Structure formats: structure tokens, C-alpha cells
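Beneath this line is the structure, given in C-alpha cells, with notes to follow.
Values in this document were obtained by computation on a predicted structure and should not be read as measured data.
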2 protein chains.
Amino acid sequence: MFKRKISSIMKKKQTSPNISKNFMDHDHELCFESALKDFKQHFIEKELKLTPLRLKVFQLLLKDHRPLGAYQILDLLRKDGFSSTPPIAYRVLDFLIEHGFVHKIKKLNAFVACSHPGNSHSPTFMICRKCEKVAEINEKESGLKFNKETSSEFKIEEAIIELIGICKNCTKIEVI
Amino acid sequence: MFKRKISSIMKKKQTSPNISKNFMDHDHELCFESALKDFKQHFIEKELKLTPLRLKVFQLLLKDHRPLGAYQILDLLRKDGFSSTPPIAYRVLDFLIEHGFVHKIKKLNAFVACSHPGNSHSPTFMICRKCEKVAEINEKESGLKFNKETSSEFKIEEAIIELIGICKNCTKIEVI
DNA sequence: AAGTCAATGTTATATTATAACATTACTACA
DNA sequence: TGTAGTAATGTTATAATATAACATTGACTT
């Protein structure tokens, strides 16, 4: 109860919505709960079946904005009493990806919870090689545009965009 | 000799330099030879050792603008009498990638010869899901730009950009 | 209760990649 | 000329990632 209040206060303190929020200190409890609520809402709207396994995997990926490999997920599932053979993880991940709740980061062969579920999109990822966190930018935010020639010569159906570098937070820390 | 002449004539027939040349009919003999010449020149300039294995792997990747997996390369090496255990391919590929002669397409876990060797760059790839050919656009050509916010909040060191879709040539063919 | 179907469980194996060490073959230079 | 050093290649084994194929479960339907 009290915790909630603090969360709420902290929320007000935060700067304006920020594309790199995931990298910075933020009220992650709130962030987590809000994402989870969204997640559940989408299951209802789309009439999908929210099973314990699907919920668990999504929660694991929501944990701290760090991507998890399939086998890391399996280890965590094992600890929670789920079966933990590879197809279990890959099937749930495939399902969550298909419905836009999770993305795969090709650079890392790992998976993250989607930050903008619902918008079917070609997200751009920023991957900090230092703290290993990932932030997702949606198309409009990224300002990403290809020039006319590219668009006219090639019909883009899917775009994989992964930016590897150093996040604002780790830059601060780097200055020692 | 005569072949050369035809090539030369065909070259003149081609339209202006085109970002999606790789997808279209073009004088591939000339394309191949020119890329190979460049490749060799870079080895001289950078004082690298051009071994038969390195040359062979690059030639294989130059063949037809289609990416090859490491194990496909190994099969082809075997046919040419080279040793063909995985480290052979991966080591040569690592070397060629490190020096900018080859890129890895993450989407396909496969490798292509670089179209703009020498420019150290973050290339953008267009991958046709129909003919499976790949074309590389360099930074300037792509017109790709991130907005200020992205750039100020995250220090980009490497960008993986892979566009999956249908090339101009396959679009034409698609209309049946 | 029997049939259906989606979800999960299980076994086996495919695909991609690397670690660790051995051999070769070229270079330098004593 | 021979030998020490080193880069490249060769070899063996195994790690890491992913999928195929089939079995079981459990909820819902009729």
C-alpha cells in the first residue's frame, strides 16, 4: 500500500516519456505492472488463451529489460516447476512473438518483452553492450526513414533494426 | 576475348548505377571480376595475406549475390579439396568479416560478400525472400537517419539493418 | 461419455558455432 | 643451413541454438 504511494510519487518525479527509459532508473514495479496489465488486456481483446506458461514466460521477460535466451528461460521455468525441454520455450516464444508480445533480438539470439504491444510494427532496438539492457523504439519515435530510391526499388515487408552501443546511463558511469 | 567484348557492350546497356543491381540482370561476369580485383587490391594495400582458402571462400560468396551458410561453404570447400570441418569456415569468415570483405546476415545466419569493401561501414541489407538474393546499401545511399533524440540518448557503435521483402525483379515476376 | 482441439510434455535430432590442441608452412635471422 | 617463431590451416570434441515428430493432458462440445 505504502509502496504503491511511493511508486506514484516517483512517477511524477520522472522526466517526460523517454525513448530510453528502459536504460534509466525508473519505477520498474509500476512499469512491470502496467505492461502486465496491457498484456492481459490484449489477450482478452484478441480472445487468446492466457495460460500459466505464457504468463510466466512474459513475466520473466518483463523482469528487467534484459533479453533472455531460450535456454535461460528454460532454466527459470524449471525452477518454477514447469517442464523445461527446448520445445516448451520455443513454442511459447513463437506464440508470443506471433501475437506481438515479444521480440527476438537477432544480435543476441535472445528475447525481450515488447514495449508497445498492440501496434503491429517493425521495431528498432537499442542494445547497450555494457548493461545489456534493451530499449525498443517504435517507427514513429525513431525518425527512421529510407530514401525514395530504396522504397521504390524494394518492397519492404519486415525490417530488422538493432543498434548496438552504449546507453545514456552507462555513458555517465563510464566517466570515472 | 569475344566474351569480354559482349560484356563490355552489355555494360553500356545497363541503366545507371542502381542500389538494387544485385537483384536485376546484370553483367555478373564483370561484376564478379571487378569485385575480385578490388578484393585483391585491398589485400595488397592492407598487407594482408591472401591465401587460397581466403580467396576461395570469397569467390564462393561472390558467386551470385546469394548468402551462403557456413555449412554450405564447407560443402563447397570439400568439393575443392579443402579441409571442411567447421572451424575452417568460421575462421576464414571471421577474418573476412573483420577486414570488411564479408558480412553476416543475421536474419539468415548466412554470409555475403561485401559490395563496398574498404569503407568501414554499417551497411543496410535488402533481402529478397523470393529469389533469396541480397543487396547492400551503404549509409549514404540508404538515406537512413535517426532523429535527434535517438542519437542523443544512445551512442550507436554498430547498426544491424536488414530489410526483408520483395525485390523489383521478383515483383515483376509476381504479376502472373 | 465420446469426440475434438489446443496446449503442453517428451524424445530425438538438426543446425549453427566455438574451444582446445596439433600440424604445416612460411619468415626471419643466427 | 637450420632452427625458432608465428600465422594459417587441420583435427577432435563439444557447446549453444533450434526444430521435427509424436504422446499426453485437459478443457470444451455435443
*asked:* Angle between the end axes of the helix from C/dA1-D/dT30 to C/dA30-D/dT1, five pairs per end, to the nearest 10 degrees?
replied: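 Inter-axis angle at the termini of the helix from C/dA1-D/dT30 to C/dA30-D/dT1: 0°.
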*asked:* Please verify the inter-ring angle class for B/Tyr90 with B/Tyr71; under 30° counts as parallel, over 60° as perpendicular, anything in between as tilted.
replied: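 Perpendicular, since the angle between the ring planes exceeds 60°.
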*Is the A/His28 ring parallel, tilted or perpendicular to the A/His65 ring (thresholds 30°, 60°)?*
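The arrangement is perpendicular - the two ring planes meet at more than 60°.
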*Establish, for the pair A/Lys106 and B/Phe125, whether the NZ or CZ atom is under 6.0 angstrom from the six-membered ring centre and no further than 45 degrees off its axis.*
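No, a cation-pi geometry is absent between A/Lys106 and B/Phe125.
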*To the side chain of A/Arg54, which of D/dA18, C/dT18, C/dA7 is closest?*
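Nearest nucleotide to the side chain: C/dA7.
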_Residue A/Ile88, side-chain heavy atoms: nucleotide from C/dT10, C/dA7, D/dT9 that is nearest_ =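 Closest of the options to the side chain of A/Ile88: C/dT10.
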Rounded to the Å, how far apart are [X] [atom1] and [N] [atom2]?
X        : N      : atom1 : atom2 : value
B/Glu47  : C/dC26 : CD    : P     : 19 Å
B/Ile97  : C/dT16 : CD1   : C1'   : 13 Å
A/Asp94  : D/dT17 : CG    : C1'   : 13 Å
A/Leu77  : C/dT10 : CG    : C1'   : 16 Å
A/Phe82  : C/dA7  : CZ    : P     : 15 Å
A/Phe43  : C/dA7  : CZ    : C1'   : 12 Å
A/Lys46  : C/dA6  : NZ    : C1'   : 18 Å
A/Leu108 : D/dT17 : CG    : P     : 10 Å

*Closest nucleotide of DNA chain C for A/Val92 versus for A/Pro86: which of these residues is on the 5' side?*
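Comparing both residues, the 5'-ward one is A/Val92.
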Is [X] close enough to [N] that one of its side-chain N or O atoms is under 4.0 Å from OP1 or OP2 there?
X        : N      : result
A/Lys56  : C/dT8  : no
B/Asn109 : C/dT15 : no
A/Tyr90  : D/dA18 : yes
A/Thr85  : C/dT11 : no

*asked:* One character per nucleotide, please: for nucleotides 22-30 of chain D, 5' to 3', B when the base has a protein heavy atom closer than 4.0 Å, S when only the sugar-phosphate does, - otherwise.
replied: ---------
Calculate, to the nearest 0.5 Å, the distance between atoms [atom1] and [atom2] belonging to [X] and [Y] respectively.
X        : Y       : atom1 : atom2 : result
A/Cys114 : A/His42 : SG    : NE2   : 8.5 Å
A/Arg54  : A/His99 : CZ    : NE2   : 8.0 Å
B/Phe111 : B/Leu61 : CZ    : CG    : 9.0 Å

*Does A/Tyr71 stack onto the base of D/dT17, taking stacking as ring centres under 5.5 Å apart and planes under 30° apart?*
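Yes.
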*asked:* Over all strands shown, is B/Lys106 touching base, sugar-phosphate only, or nothing at heavy-atom distances under 4.0 angstrom?
replied: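 Counting heavy atoms under 4.0 Å across all strands, no contact is made by B/Lys106.
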*Is B/Phe101 linked to B/Phe82 within one hydrophobic cluster, defined over Ile, Leu, Val, Met, Phe, Trp and Tyr using a side-chain heavy-atom separation of less than 4.5 Å?*
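Linked, B/Phe101 and B/Phe82 end up in one cluster.
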*Answer yes when A/Lys107 and B/Glu158 have at least one side-chain N-carboxylate O distance shorter than 4.0 Å, and no when they do not.*
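Counted as a salt bridge, because a side-chain N and a carboxylate O are separated by less than 4.0 Å.
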_One thing to verify: whether B/Arg78 and B/Asp75 come together as a salt bridge, which I'm taking to mean a side-chain N less than 4.0 angstrom from a carboxylate O._
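Counted as a salt bridge, because a side-chain N and a carboxylate O are separated by less than 4.0 Å.
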_Please determine whether side chain to side chain contact (heavy atoms under 4.5 Å, CB included) holds for the pair B/Lys21 and B/Cys31, giving the CA-CA distance in whole Å, both sets of side-chain angles, and the decisive distance to 0.1 Å._
CA-CA 10 Å; B/Lys21 179 208 70 177; B/Cys31 171; 3.3 Å; yes
